[in-house]
Amino acid sequence: MPKEYRWAIPTGFPKPLVHEGNPMSEAKVSLGRYLFYDKALSGNGTQSCASCHQQAHAFAENRKVSVGSTGQAHTRNALALVNVAYNKTLTWSHPFLTDIEAQLLIPMFGQRPIEMGITGNEASILKHFRQGDYPSKFEAAFGSEEVSFNRIVQALAAFVRSLISLSSPFDRYAYTGDDNALTEQQIKGMNLFFSERLECHHCHGGFNFTQSTTHENQPINRFAFHNTGLYYTDQPNFNHKGYPQYDRGMIDVTLNLGDEGRFRAPTLRNVELTAPYMHDGSIATLSDVIDFYAAGGRNIESGPLAGDGRLHPNKSLFVKGFVLSNDEKQALLAFLHSLTDNDFVTNEKYSDPRASKNKN
């Protein structure tokens, strides 16, 4: 029987909910870690999950949008894999995608856009995982050496669920009673963040700094998708203004006009490391993000995306703009930096296991 999994969760934090058909185990997480870093999981052997989800960037990447294994540029920025086990819904704009196991099928087998490019290459990919050390790892995780995409997905999901980040300076200050963990400037920024004046906490609230949070003590999900006024541009072949036609957000799933421009409010944990920002990486720095929200949205004055996003009828009521002094802005930035968990981005148990072996 696989060894029971022990969550790396500090005292006082709740355990995540886990898919009933895919219980956690140390062996399954270990197998998933190897799979996550193996480029043989892509159709042409050039890309792994870690190619777009890099530990140094809190399992996001420092590019505007992701590029798939065939070189195809996507329309979206890679979300950071931080505390995904606590997420009730997944991806930037899909309110019905609630299981990591189901979400993984999109980058693995999707063809518009191509990410891992597994479709059409299934046989050769499975052949790779039937060789070397993998059969014994599958046996340890599942009780037999059988290799299948169902087991690959389950192991990957287990590893992704294991990526827990709850050891930032903010956590030490807020949850372990370390009054010296934050500077006076960071405390000032924290008070601004949680103020009604700035409204940040309404969409980035709770211990995971996102509304899409569920766990053993909170099974109910709060709505986590919002139009922030990023775009309001002319739509070719449409009779209205809105978000760019190539990615209009949640409306592309629900077909509800009220959902145009709605994207996930992602966790702000480790946000310092995940630039550039927004679903399309169109805002370069955290300083720019604060300026964007202070303005109540974005006015693009020229070019193909010209338009005043502040006027979008779907814009969230919480994105109303505010005025900050320079000292207040620096304090808010300092607070956001206090959400960086250096242990998380350097922890060897989350890193490429082959690289770890080569160090020894």
When you group the ILVMFWY residues by side-chain heavy-atom contacts below 4.5 Å and let the links chain together, are [Y] and [X] in the same group?
{"X": "F263", "Y": "I106", "value": "no"}
{"X": "L104", "Y": "I125", "value": "yes"}
{"X": "L192", "Y": "Y293", "value": "yes"}
{"X": "L311", "Y": "I251", "value": "no"}

Atom [atom1] of residue position [X] - does it have more than 12 heavy atoms of other residues, nucleotides or ligands inside 6.0 Å?
{"X": "K329", "atom1": "NZ", "result": "yes"}
{"X": "E196", "atom1": "CD", "result": "yes"}
{"X": "Q131", "atom1": "CD", "result": "yes"}
{"X": "K127", "atom1": "NZ", "result": "no"}

Minimum heavy-atom distance [X]-[Y], with the two atoms named:
{"X": "S69", "Y": "I114", "result": "OG-CG2, 4.2 Å"}
{"X": "V271", "Y": "Y277", "result": "O-OH, 2.7 Å"}
{"X": "T274", "Y": "A80", "result": "CG2-CB, 3.9 Å"}
{"X": "L332", "Y": "I290", "result": "CD2-CD1, 3.7 Å"}
{"X": "Q47", "Y": "C52", "result": "NE2-SG, 3.9 Å"}

Does the side chain of [X] reach to within under 4.5 Å of the side chain of [Y], using non-hydrogen atoms?
{"X": "V323", "Y": "E328", "value": "no"}
{"X": "Y243", "Y": "H279", "value": "yes"}
{"X": "I283", "Y": "D291", "value": "no"}
{"X": "N87", "Y": "N208", "value": "yes"}
{"X": "V84", "Y": "L163", "value": "no"}
{"X": "V29", "Y": "M24", "value": "yes"}
{"X": "S351", "Y": "R33", "value": "yes"}

[X] side-chain N/O to [Y] backbone N/O, donor-acceptor pair under 3.5 Å:
{"X": "D99", "Y": "E101", "result": "no"}
{"X": "K315", "Y": "G296", "result": "yes"}
{"X": "Q154", "Y": "G21", "result": "yes"}
{"X": "H53", "Y": "L79", "result": "yes"}
{"X": "N77", "Y": "V65", "result": "no"}
{"X": "H312", "Y": "N314", "result": "yes"}
{"X": "R310", "Y": "V319", "result": "no"}
{"X": "S42", "Y": "S48", "result": "no"}

Exercise: do T91 and Q103 side chains pair donor with acceptor under 3.5 Å = no

Kindly assign one of parallel, tilted or perpendicular to the pair [X] and [Y], based on the angle between their ring planes and the thresholds 30° and 60°.
{"X": "Y134", "Y": "F138", "value": "tilted"}
{"X": "F149", "Y": "F109", "value": "perpendicular"}
{"X": "F194", "Y": "F335", "value": "perpendicular"}

Aromatic ring proximity, centroids under 6.0 angstrom, [Y] and [X]:
{"X": "F59", "Y": "F344", "answer": "yes"}
{"X": "Y175", "Y": "F13", "answer": "yes"}
{"X": "F193", "Y": "H204", "answer": "no"}
{"X": "Y34", "Y": "F159", "answer": "no"}

Salt bridge D252-R248, side-chain N to carboxylate O under 4.0 Å | yes

Identify whether the distance between the nearest side-chain nitrogen and carboxylate oxygen of D308 and K241 falls below 4.0 Å.
-> no

